[in-house]
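The structure appears below as structure tokens.
Order of listing sets the numbers, starting from 1, for every ligand and every atom in it.
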Amino acid sequence: MGSPSISEEAIAELKQLLAGPKGVVCTTHFNPDGDAMGSTLGLVQALRKLGHDAHAVLPNIPPGFLQWMPGYAQAVAADKDIERAEELLLASDVLFCLDHNTPDRVGPLQQALERHPLKVMVDHHQDPSDMATIMFSDTASGSTAQLVFDLLVALGAKHVIDTEIATCLYTGIMTDSGSFRFGSTTAHTHRVAAELLESGVRPDQVYNAVMDNSSEQRLRLLGHALSNRLDVIPDLGVAIMALSAQELKDHGFKLGDTEGFVNYGLGIRNIRLSALFMEAGEIVKISLRSIGDLPVDLLARTHFLGGGHRNAAGGRSEESLDATIERFRSLLPDFLNEHGP
Ligand code: 5GP
Ligand code: MN
């Protein structure tokens with residue numbers, strides 16, 4: 001049940017690299033989501049069981065709804081302890097880069113990551129950079145966690161997957177597939193999920209821990225955004241949501257509170273592109289979602305210093321919230337003409 005994207009050459013190289021006990025760090029992207037956390041914590045625990053001295057080093061702490069995950073308590077976050085994070089990272093023999101494919105995605109860890117001489121990329125985003133020595137990059141894989149499962153199978157290490165590791169990988173697969181509903185969900189995704197259930201994952205508990213963990217204020221922020229800050233452009237099939245720093249503050253915003261908001265726009269009939277703009281410190285953070293063949297990663301990469309997947313991408317802008325949205329709107333006619341149906 002391997003993945004076609006896992007090249008035998010790369011696996012052979014990795015096997016050789018991990019033939020004896022190694023110091024390993026697994027890292028992931030800034031503002032880690034369920035897949036970033038699941039793939040990283042799952043791989044760290046698997047590598048430990050294989051005899052390596054493995055550590056998870058995160059650019060920053062994840063939102064509360066991911067802090068229950070097995071192995072999180074042992075992870076080091078750079079926003080809490082940059083010295084320890086850099087020290088661990090640079091002392092490692094091998095650095096696994098999970099769920100990202102460019103050095104700028106790891107925020108405060110970028111310099112250390114760039115200095116590390118032996119990186120292994122495990123990722124499913126478009127347009128991988130050549131930052132790693134060994135690459136497992138599969139844009140067809142719905143999640144990096146699924147790819148980690150495939151990798152463990154290819155390494156002949158499936159037997160190390162216990163309930164904790166399976167729970168991490170399942171969480172990554174569940175969150176990145178929108179609970180098994182996005183187009184990236186394949187028969188293979190379900191087969192991997194089935195094996196993880198056989199390893200003891202409780203799907204109800206994972207779903208509940210991740211999805212039913214809102215504060216009251218988060219739900220009210222969603223209500224406010226939907227009632228007052230959602231702009232629907234029926235002629236273009238576009239929905240735009242915007243949240244200022246003040247609005248976020250008024251609703252006691254915590255990191256991760258706006259996760260999933262951008263998807264609501266796509267719930268409207270005939271909407272094919274949904275965008276969320278929110279002020280975050282000095283920048284405006286942008287989330288884009290689309291249906292069908294509309295490549296929002298292209299829009300993010302070309303105009304908003306970002307990237308991602310065809311149907312889910314993100315980026316940022318250093319202009320004001322209003323100026324960013326205005327620029328976005330001005331790009332739409334050409335973009336939709338060129339890539340629309
Ligand atoms: P989200 O909208 O949930 O923040 O991100 C959606 C997708 O876009 C994720 O796959 C994420 O990795 C990617 N993405 C979000 N923000 C950025 C960014 O600033 N740069 C790049 N390269 N990708 C991003
Ligand atoms: Mn992912």
Requested in this report: Would you mind listing every salt bridge (Lys or Arg N to Asp or Glu O under 4.0 Å) that reaches into residues 216-242, with sequence neighbours excluded?
Outcome: Glu216-Arg220, Arg229-Glu247, Asp231-Arg329
Query - Met135 CE to Glu13 CD distance, which is reported to the nearest 0.5 Å - result: 11.5 Å
Query raised in the report: Aromatic rings His339 and Phe335: how do their planes relate, parallel, tilted or perpendicular, breaks at 30° and 60°?
Result: tilted
Query raised in the report: Is it true that the side chains of His309 and Asn311 contain a donor and an acceptor less than 3.5 Å apart?
Result: no
Report task. Taking only Lys NZ, Arg NE, NH1 and NH2, and the carboxylate oxygens of Asp or Glu, determine whether Arg310 and Asp293 approach each other closer than 4.0 Å. Result -> yes
Query raised in the report: Does a salt bridge link Lys158 with Glu195, judged by any charged N lying under 4.0 Å from a carboxylate O?
Result: yes
Query raised in the report: So which residues, sorted by chain and number, lie with a heavy atom under 4.0 Å of ligand 1?
Result: Arg105, His125, Lys285, Ser287, Arg289, Gly306, Gly307, Gly308, His309, Ala312, Ala313, Gly314, Gly315
Requested in this report: Apply side chain to side chain donor-acceptor pair (under 3.5 Å) to the pair Asp104 and Thr102, showing each step before the final yes or no.
Outcome: CA-CA 6 Å; Asp104 63 324; Thr102 54; 2.6 Å; yes
Query - Atoms of the protein (N/O/S only) found under 2.8 Å from the Mn ion (ligand 2) - result: Asp35 OD2, Asp99 OD1, His124 NE2, Asp176 OD2
Requested in this report: Test side chain to side chain donor-acceptor pair (under 3.5 Å) on His188 and Asp150 and set out the steps.
Outcome: CA-CA 10 Å; His188 183 62; Asp150 292 336; 2.8 Å; yes
Query raised in the report: Listed by chain and number, what are the side-chain contact (heavy atoms from CB on, under 4.5 Å) partners of Asp204, not counting sequence neighbours?
Result: Arg202
